[in-house]
Amino acid sequence: MNRSTRRAISTMAVVGIVIVLIIVVVAGIYIATLKPKSTPTGPSVITIGMTMPLSGTFASDGQMSLNGIKLWAQDVNASGGIPVKSLGKSLPVKLIYYDDGSSASTVATDYQTLVTQNVSFLIAPYSSPLTLAAAPIAEANHLLLLSHGGASDSIWAKGYKYVVGVLSPASQYMIPVIDMLANMNPKPTNLAFFFGQDPFSLSVMSSVEPYALSKGFKIVFNQTYQETATDFTSQLAQLQASGAQVLIGGAHFTDGETIMKNLQSLGIHLNLVSLLVAPDDPHFLSDLGSLANGVTVPSQWEPNLNFSQFSPYFGNITSGQQFYNRFMTAYGIAPNYEAAEAYATGLVLEKGIIDSGSLNSTVVRQQLATENFYTFYGHFQIDSTGKQIGHTMVVAQWQSGVKQTIWPSSVATATPLYPASLQMQQPSTLSYSGQGTTSLYVGGVASESYMLSQSTHAMLAVTPTSPDRE
Amino acid sequence: MPSVLPGALVAELFILGLMYGLLYGVLAMGLTIVFGVMKVVNVAHGDFVIIGSYLSYWAFVLAGINPILSLLLTIPFGFLLGALTYLGLIRRVQNSPELMSLFLTFGISTLIGGLLLFFYSPTQRAVPVALGSIEYGSLSIPVNISIAAAYAIAVAIALRFFFYRTYWGKAVRAVIDNRTSAILVGINPDMVSLKSFGIGIAIASSVGSIVMLLQSISPLSGPDFTLISFVIVVLGGLGNPPGALVGGVVLGVVESLSSLYVNAAMTPAIGFIIMVIVLILRPQGIMGSRG
Amino acid sequence: MLKGYLLVHKKNFVRDVVPWVGALVVLAFAPYFVSASLRSFLLFLLMWIALSQSFNIFTGLTGYVNFGFVAFYGLGGYGMTMTLLSLNIPIYAAMVIGGVISSLFAFAISWPTLRLRGAYFAIAMLSLAQALFVIFDNWNFVNSATGYTIPVKYYDPVLQYYYMLAVAAVTVLCLYVIMNSRLGLALKAIKQNEETAVSIGINATFYKAVAFGISAFFAGLAGGAATWTITIIDPPSAFDTTITLTAISMSMLGGLGTIAGPIIGAVILYSIEHYFGLTLPYLHLIVFGIIIIVVVLLIPQGIMGEIISRMKKSRRQEVGEEG
Amino acid sequence: MSVQGIDVYYGETKVLHDLSLKVENAELVALLGSNGAGKTTTLRTLSGLLRPAKGEIKFDSHSISELSANRIAGLGISMVPEGRGLFTTMTVRENLEMGAFAKRARREMKKTLDEVYSLFPILKDRQNQLAGSLSGGEQQMLAIGRALMSKPKLIMLDEPSLGLAPIVISKVFDALKALKENKMTIVLVEQNIDGALRIADRGYLLENGRLALEGNPTEIRNNEMVRQFYLGL
Amino acid sequence: MTGVVADNAQRDTVLDVSLVRKNFAGLVALDGVSLQLGRKEILGLIGPNGAGKSTLFNIIAGTLKPTSGTVTFRGRNITGLPPNRVCRLGIARTYQIPKPFLDMTVLENVYIAESFGSGRDSKVGTPAEICDLVGLKDKMHLEAGMLNVSGKKRLEVARALATSPDVLLLDEIAAGMSPTEGEWAVRFMEKMSQSYDLSIIWVEHVMRLLMKGVHRVVVLDHGVKIAEGRPEEVVNDEKVQQAYLGGKLS
């Protein structure tokens with residue numbers, strides 16, 4: 001390098017440093033402006049604060065949840081806001097949210113920021129660890145923290161007074177699956193457990209294991225795995241050798257699909273596969289095609305559920321289908337239960353504010369303790385710790401390219417496809433047109449639609465050859 | 001854990017481990033060639049795998065191209081991308097301390113991760129191509145993994161041909177062996193570096209296509225592949241391509257067979273622990289010859 | 001010894017000490033006049049200063065790049081949490097125990113790992129940290145994947161702020177003391193030319209291990225204080241490679257081996273991350289990546305390194321070639 | 001080749017001071033001098049591995065001071081580095097093939113290969129062995145053979161006798177003599193003055209990076225400076 | 001052994017190298033070399049390139065472990081001790097290619113050596129005095145990287161002296177110095193040796209100087225000691241001429 005280029009480069013370095021410094025100054029100013037503006041005449045909006053994991057491990061869940069909550073806020077504001085009795089008027093809702101990057105330390109900082117921004121209520125980030133990181137801050141500032149995506153039972157075992165769960169806790173996830181299997185004919189005897197090694201999945205596993213044993217099942221394979229693992233074939237080969245008839249397990253997204261692909265490539269015959277989280281995502285179908293058929297997932301909510309016959313019923317959205325359509329129109333992608341539980345969280349807050357007539361978190365929290373009602377998402381009732389006890393899980397199953405609710409039978413839209421093993425070894429056609437998955441995100445906003453076209457539907461409609469029995 | 005090990009299961013696990021090992025071994029070869037020629041530890045290696053995977057994914061979704069066919073796309077694209085990355089970035093730190101290239105490729109890795117997240121969202125992707133398995137007695141060998149292994153072998157053979165039969169391949173070996181002498185016989189080290197980096201990245205992104213047959217990926221899976229490659233490369237000796245293949249097979253088989261005794265969640269630790277032990281006992285790797 | 005070295009250097013105490021004390025005083029009174037959100041921002045900024053500085057204590061002074069740095073942070077966090085929960089001792093004592101545990105780990109692994117050089121050392125440390133993650137994830141003794149939560153009775157954001165301030169201040173002070181001590185002198189010699197250093201009687205193996213242990217101690221302290229603030233610790237958050245990479249990026253941007261460098265780097269990068277994290281979710285990774293690439297290509301010595309070498313260059317021009 | 005007043009630095013240290021040399025066609029020039037005199041530095045500069053800070057190097061009346069080492073090699077200047085610099089993990093034949101890397105040489109590789117084999121028959125017997133497994137003398141022959149493969153106009157050798165037994169040394173010198181008789185231009189750096197002067201046409205004596213003496217073998221032999229530089233008395 | 005006793009200083013041996021042998025991957029670098037260094041003696045160690053001088057230095061200094069043989073320093077077996085221990089016992093060395101701490105000033109370089117070194121009070125003086133002694137007084141506050149070759153060589157000597165050694169291993173100190181500077185080096189070493197009870201092994205290619213400066217010479221060739229004795233005897237030794245010049249020149 002000769003002298004002149006060296007000088008040019010150092011000049012560029014100086015320019016670089018200056019640019020960086022400018023960015024920092026701008027950042028500083030921005031952060032300074034985050035400080036609350038004084039509002040002497042009482043609140044004119046209801047400010048609700050939260051962070052969401054829009055990047056990092058939980059990013060896709062966070063995006064879904066955020067969309068659900070934003071949709072609720074839109075709907076509320078479109079209908080004139082929430083009537084607050086103590087103020088004698090209806091106030092619109094304002095959401096403040098940040099990306100926490102799935103990092104607990106960012107959650108801890110951002111919630112500190114939120115509590116200084118005159119928020120009246122807090123909504124928890126998606127996932128149990130992040131909810132746990134937000135809880136002490138809510139507690140210390142006496143702000144209600146509604147959990148829509150933190151399922152771990154431990155959240156409610158720490159004595160927090162302000163944390164309220166809208167969703168069924170992790171311990172409830174696989175219980176209905178076991179109930180369903182116990183009612184199958186022929187009833188399977190050998191179960192395989194293959195859960196992820198993470199707090200949520202372990203929490204699911206620790207409750208389903210004794211429950212399955214109490215129902216007379218034998219657990220012939222029981223392992224946990226790292227979510228980041230790139231293949232599970234050697235474990236699944238052993239699972240096959242163990243003589244298991246049903247696989248119960250999973251953790252999140254990528255690992256769930258990889259398990260399915262591995263099962264398929266090994267040609268493993270199972271009567272039923274039930275995985276956490278992954279199969280609920282619409283991508284599960286587009287990514288796996290006919291392989292998805294017959295896979296079940298414990299679900300907090302399904303589009304085909306309808307609770308409007310229950311009383312008291314709350315909310316303008318009266319059925320799952322209505323929410324599905326509403327969400328489709330707004331975002332162009334199908335909602336999963338994460339979106340629904342997030343929307344329902346808004347409804348729960350709305351109900352609490354209306355019934356208590358207050359914007360005071362402590363008052364609303366007390367009000368929620370007494371509530372017992374239904375929304376399109378299902379039942380709401382909490383115990384003294386704030387844990388959800390009213391809501392129940394359902395079991396959903398992919399059948400011919402459609403996700404059907406199959407359990408409990410009172411809300412089922414289809415009979416379980418059981419045994420559902422046949423699709424597993426059918427090589428799908430290589431000329432699959434794959435129109436189902438062109439959801440291209442730019443900056444976290446879905447810009448293209450996710451829609452199963454008619455032709456895809458037709459192609460994926462593999463007629464079950466085994467008789468449905470219940 | 002079975003008290004008596006069924007022979008067929010052990011055999012199946014061995015074959016599965018071997019085949020996966022071959023694929024990851026070839027992936028690691030890409031990394032080790034780059035290190036051998038340039039002394040650059042490419043932290044972004046796994047992210048180039050994901051780029052290849054996404055390319056195959058979109059080829060499949062938009063044009064219905066099977067991931068195997070999309071190799072025809074990812075190999076030249078990977079080579080081009082590698083060559084451009086080399087010309088634009090890597091070349092500038094080639095003569096700086098090793099540390100600088102480590103930082104640089106870490107920056108590239110972060111950038112790729114960010115760009116993929118920005119454009120594709122964090123959701124997982126997979127392609128619904130099912131290939132079933134070959135039943136042989138009581139063994140069942142998955143077709144997709146067999147294809148992966150076959151591809152790995154093909155790449156290994158092609159690399160061997162390139163390194164031992166072509167002039168440029170020999171030039172690459174010459175540069176790895178003795179850089180100064182290579183320059184003195186007229187080999188342009190920049191050209192060799194360019195080609196090696198291109199080849200390294202072509203291998204990574206083409207493995208990405210194959211990976212699409214085996215599993216589901218997300219923009220954040222890149223570092224997982226990098227880590228696997230690191231372990232293998234160190235097992236085989238940094239800068240030693242055949243060593244990488246051996247390291248990959250050793251790791252694949254050990255991990256697969258260990259699954260009989262160890263909970264799956266512990267499996268990744270086995271690779272790391274083997275690697276740390278190897279580094280302590282034989283810092284030059286299993287295949288390394290320098291004493 | 002110290003006296004003799006100071007003679008060589010002619011320290012300007014007013015210039016060297018006053019700004020630091022000033023900054024410390026401002027930070028000490030900060031909770032009284034800044035908002036809770038800014039205080040919380042400062043708390044984590046202080047954590048990053050402590051982390052990048054403890055990274056600097058080893059890597060900046062010896063030139064060995066520790067890619068498994070997060071292991072020290074995680075072990076400190078676990079050490080603090082577990083002693084706090086099981087022994088019911090004051091939190092500062094638990095933090096010190098966390099630091100000591102992390103330090104002992106560093107000494108234990110120094111023998112096999114410090115023999116490795118360059119990329120081998122980096123990869124070995126990276127793998128070691130990953131192995132720790134997997135082991136903790138499966139180990140019931142540390143509550144496996146579930147990890148621990150700090151009970152809400154310990155929650156006190158102002159106190160947490162002061163602890164973190166203390167950790168950061170002590171870490172910076174320690175680096176200053178090391179750099180002006182016999183240990184620092186030995187490390188400086190080892191970094192510049194290990195062979196010569198050994199030839200004049202410096203026990204390189206010993207001094208490197210000591211620096212490794214000290215670096216681990218302060219990273220452990222910071223890990224403990226951070227865990228207390230975040231209130232939860234589990235293997236993915238305790239052994240997150242991103243923490244290593246962020247600490248590396250910060251100290252590298254500011255300038256490894258200098259006192260002010262890692263602090264400047266932490267301020268810049270953490271502000272950027274915080275700012276973009278709040279506004280543009282995916283963009284901060286892209287910005288982060290570009291900054292690292294630009295720094296490596298344009299100012300490989302970091303901001304302080306660049307300033308120092310420019311100062312030297314201009315001094316050299318004054319003195320003229322060979323004086 | 002001609003070298004005009006070059007200054008060469010290692011970092012900030014000046015190691016060659018205003019050095020000028022000339023090498024005529026088909027001439028064997030010996031560069032002599034004690035250790036640290038600057039002989040190896042001179043060769044490294046001529047082959048392009050080092051850049052002169054000042055001065056000019058001309059080859060066939062073209063300036064080559066700014067060219068990269070691999071370009072210079074392509075022009076037909078071949079160097080046998082100190083310690084031979086073989087590709088030890090490659091076979092003898094592959095080493096020779098690499099020698100003919102330059103496009104000009106690659107076309108005639110087969111022919112050149114035969115020529116080298118006839119000059120050093122032992123290499124043909126060993127052609128599929130790894131270069132690292134050869135004996136010291138064989139390695140030196142391979143290094144020279146590799147340099148010849150590029151069909152060089154000028155060949156430069158750095159201490160070919162280093163570490164070899166006396167019998168092998170004389171063989172190496174015989175080979176060089178044969179090359180010279182084939183009209184090859186050779187620059188030889190040697191500390192074995194006697195051997196070098198026996199085959200050289202002219203010699204330069206360096207001391208501390210400066211030219212100390214220039215002349216034909218007899219003049220150098222009879223100059224007292226040589227004995228002084230080497231033996232101190 | 002040629003058996004020449006140079007002067008009475010040799011009577012008490014400070015350093016005794018006995019039958020040292022070193023193999024590198026099958027190659028014999030040193031083949032049973034023995035030599036003794038007396039108190040206040042300056043011993044020249046010469047030999048053509050590749051003779052094994054550096055290997056011998058590295059073995060004495062502890063950088064390499066001999067395959068067999070022993071090194072005894074003042075009656076203590078120091079074979080295989082690490083270099084830092086060897087230095088602290090009192091054996092200092094310089095490097096042929098100077099290896100200063102480039103980013104430190106001259107004074108700092110010397111200061112570090114003094115403060116670690118042998119661990120005893122320096123017998124030569126304070127770092128500043130040592131800089132003065134070797135003629136670097138006015139460059140004391142310059143960075144080592146800015147010195148010229150001669151300055152760096154002087155710094156090597158200063159650094160070695162600062163460790164307060166009893167034995168000094170000098171590796172090509174005069175190469176890169178002007179003839180006048182070389183003369184200075186010879187006088188300097190003689191003075192150091194006498195004033196500070198220093199024994200020196202000196203490797204040098206600038207023979208003119210070496211022969212003036214040393215009391216006794218040991219000649220190595222191909223790892224074997226081929227001659228030993230007073231300079232004028234050694235120079236006329238036929239084996240030495242063969243090794244050095246490839247034959248008798250004229």
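The model shown is predicted, which means the values in this text are computed figures rather than measured ones. In what follows, every heavy atom counts, from backbone to side chain, and hydrogens, waters and symmetry copies are set aside. To find a chain, count down the sequence lines: A is the first, B the second, and so on, and within it residues start at 1.
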Visitor: Considering only heavy atoms, which portion of D/Ala100 lies under 4.5 Å from any heavy atom of chain B: side chain, backbone, both, or neither?
Guide: both

Visitor: Given heavy-atom pairs under 4.5 angstrom as the criterion, report whether the side chain, backbone, both or neither of D/Leu75 touches chain B.
Guide: neither

Visitor: Using non-hydrogen atoms and a 4.5 Å limit, figure out which bit of D/Met156 sits close to chain B: side chain, backbone, both or neither.
Guide: neither

Visitor: Could you tell me if D/Arg93 sits above the aromatic ring of D/Tyr117, with its cationic atom closer than 6.0 Å to the ring centre and no more than 45 degrees from the axis?
Guide: no

Visitor: Is any side-chain heavy atom of B/Leu102 closer than 4.5 Å to a side-chain heavy atom of B/Phe106?
Guide: no

Visitor: Check whether D/Arg71 gets within reach of chain B through its side chain, its backbone, both or neither, counting any heavy atom under 4.5 Å.
Guide: neither

Visitor: Relative to chain B, which segment of D/Glu97 carries a heavy atom at a distance below 4.5 Å: side chain, backbone, both, or neither?
Guide: both

Visitor: Between B/Trp168 and D/Phe101, how do the two ring planes meet: parallel, tilted or perpendicular, split at 30° and 60°?
Guide: perpendicular

Visitor: Identify the residue among D/Lys153, D/Lys180, D/Arg202 that makes a salt bridge (Lys or Arg N to Asp or Glu O under 4.0 Å) with D/Glu27.
Guide: D/Arg202

Visitor: If I measure from the heavy atoms of chain B, does D/Thr89 come under 4.5 Å with its side chain, its backbone, both, or neither?
Guide: both

Visitor: Is any side-chain N of the basic residue among D/Lys39 and D/Glu159 closer than 4.0 Å to the acidic one's carboxylate O?
Guide: yes

